[in-house]
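Sequence positions, counted from 1, serve as the residue numbers for this chain.
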Amino acid sequence: MKLFAVRALSALALTTSVLASMPALAHAEDQTLNMPVIRGGDTSLLSTVDPSGYVASIDPKENAGLLNYCVQNEYVPDYDDAFRTLQEYNKKTNAVSDGSDGNMFYAIGSAGQIRLNDHTYTVAMATLPLRQKTCKAVLDRAKAAL
């Protein structure tokens, strides 16, 4: 009897949660109908803010994360050279620790963001030439530190 009651309560809880989320899902579907369609190659929403000038002022671990972002997305002129620099720079700055705790600065940089003076600059939202310029500044800073 106890097992039946537990199963019945579990089924009831699942049904209740599914039914409770239905209006939210229906509302979410309605909202997507009003969103603008972005076509491939549309650059009208990209930023012309140049984040490369901020690279010198960020934490070295954030710079390491940005270098990781730049290498992964191949915004660097020589992938192999940049990858070797990333490995050496990570060791020097201890940006990627062996423990389970990650480094927030490295994570922010790896997401392609620069946080400075309570502002967040997203490299990914900059135009391609500005992304490449920022990544060059990130790579140059890392090489200079080695």
Side-chain angles (χ1 to χ4, degrees), residues 6-7 9-146:
V6 169
R7 287 184 180 165
L9 286 174
S10 296
L12 180 62
L14 177 64
T15 304
T16 304
S17 67
V18 168
L19 291 175
S21 66
M22 289 305 224
L25 290 175
H27 181 66
E29 289 174 16
D30 290 344
Q31 291 297 337
T32 58
L33 296 176
N34 296 327
M35 294 179 68
V37 175
I38 298 177
R39 307 220 185 299
D42 180 11
T43 59
S44 63
L45 298 177
L46 294 180
S47 171
T48 56
V49 173
D50 183 1
S52 65
Y54 305 120
V55 170
S57 303
I58 61 175
D59 187 275
K61 292 178 182 180
E62 189 172 336
N63 193 64
L66 272 169
L67 184 55
N68 179 50
Y69 168 82
C70 293
V71 170
Q72 282 182 351
N73 291 291
E74 298 184 30
Y75 294 134
V76 289
D78 183 352
Y79 177 87
D80 293 331
D81 177 56
F83 184 74
R84 281 190 298 278
T85 303
L86 172 64
Q87 290 176 320
E88 292 175 33
Y89 192 61
N90 281 346
K91 285 179 190 173
K92 181 173 177 136
T93 61
N94 196 25
V96 181
S97 60
D98 292 334
S100 62
D101 294 338
N103 182 293
M104 186 56 72
F105 288 113
Y106 189 82
I108 290 168
S110 290
Q113 296 182 345
I114 296 174
R115 290 189 48 187
L116 186 66
N117 300 330
D118 297 327
H119 287 90
T120 300
Y121 304 94
T122 305
V123 177
M125 291 305 296
T127 61
L128 181 60
L130 292 177
R131 279 181 262 165
Q132 292 169 329
K133 181 179 178 185
T134 301
C135 287
K136 182 180 180 329
V138 167
L139 180 60
D140 290 346
R141 179 177 172 192
K143 283 184 173 186
L146 296 178

Query raised in the report: So which pairs with a foot in residues 121-146 pass ring pair (Phe, Tyr, Trp, His ring centres under 6.0 Å), sequence neighbours left out?
Result: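 Ring pair (Phe, Tyr, Trp, His ring centres under 6.0 Å) check on residues 121-146 returns Tyr54-Tyr121.
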
Requested in this report: Please assess Leu67 against Leu139 for the test side chain to side chain contact (heavy atoms under 4.5 Å, CB included), listing each intermediate value before the final yes or no.
Outcome: CA-CA 6 Å; Leu67 184 55; Leu139 180 60; 3.9 Å; yes

Sub-3.5 Å donor-acceptor pair from the side chain of [X] to the main-chain atoms of [Y], do we have one?
| X | Y | value |
| --- | --- | --- |
| Lys92 | Ala145 | yes |
| Glu62 | Arg115 | yes |
| Thr134 | Ser52 | yes |
| Asn73 | Tyr75 | no |

Supply the atom-to-atom distance [X] [atom1] to [Y] [atom2], rounded to the nearest 0.5 angstrom.
| X | Y | atom1 | atom2 | answer |
| --- | --- | --- | --- | --- |
| Leu86 | Cys70 | CG | SG | 10.0 Å |
| Ile114 | Thr122 | CD1 | OG1 | 9.0 Å |
| Gln72 | Phe83 | CD | CZ | 9.5 Å |
| Tyr106 | Asn63 | OH | CG | 11.0 Å |
| Gln87 | Asn68 | CD | CG | 10.5 Å |
| Leu46 | Thr127 | CG | OG1 | 7.0 Å |

Query raised in the report: Are Asp59 and Met104 close enough, and set up right, to give a side chain to side chain contact (heavy atoms under 4.5 Å, CB included), and what steps lead you there?
Result: CA-CA 11 Å; Asp59 187 275; Met104 186 56 72; over 6 Å; no

Quick check: closest heavy atoms across [X] and [Y], and the distance to 0.1 Å?
| X | Y | result |
| --- | --- | --- |
| Ala95 | Asn103 | O-CB, 3.5 Å |
| Ala64 | Asn90 | CB-OD1, 3.3 Å |
| Asp50 | Lys133 | OD2-NZ, 2.8 Å |

Query raised in the report: Is the number of heavy atoms from other residues, nucleotides or ligands within 6.0 Å of CZ (Arg141) greater than 12?
Result: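 Atom CZ in Arg141 is packed in, count exceeds 12.
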
Query raised in the report: Above 12 or not: heavy atoms from other molecules or residues under 6.0 Å from NZ of Lys61?
Result: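 Yes, NZ of Lys61 has more than 12 neighbouring heavy atoms, counting only those of other groups under 6.0 Å.
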
Query - Note: Asp80-Arg84 ion pair, threshold 4.0 Å (strictly below) - result: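 No, no charged N to carboxylate O under 4.0 Å.
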
Query raised in the report: Can you check side chain to side chain contact (heavy atoms under 4.5 Å, CB included) on Ile58 and Leu66, steps first, answer last?
Result: CA-CA 10 Å; Ile58 61 175; Leu66 272 169; 3.5 Å; yes

Query - Heavy-atom check, side chain of Phe105 versus side chain of Pro60, under 4.5 Å - result: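 No, too far: nothing below the 4.5 Å cut-off.
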
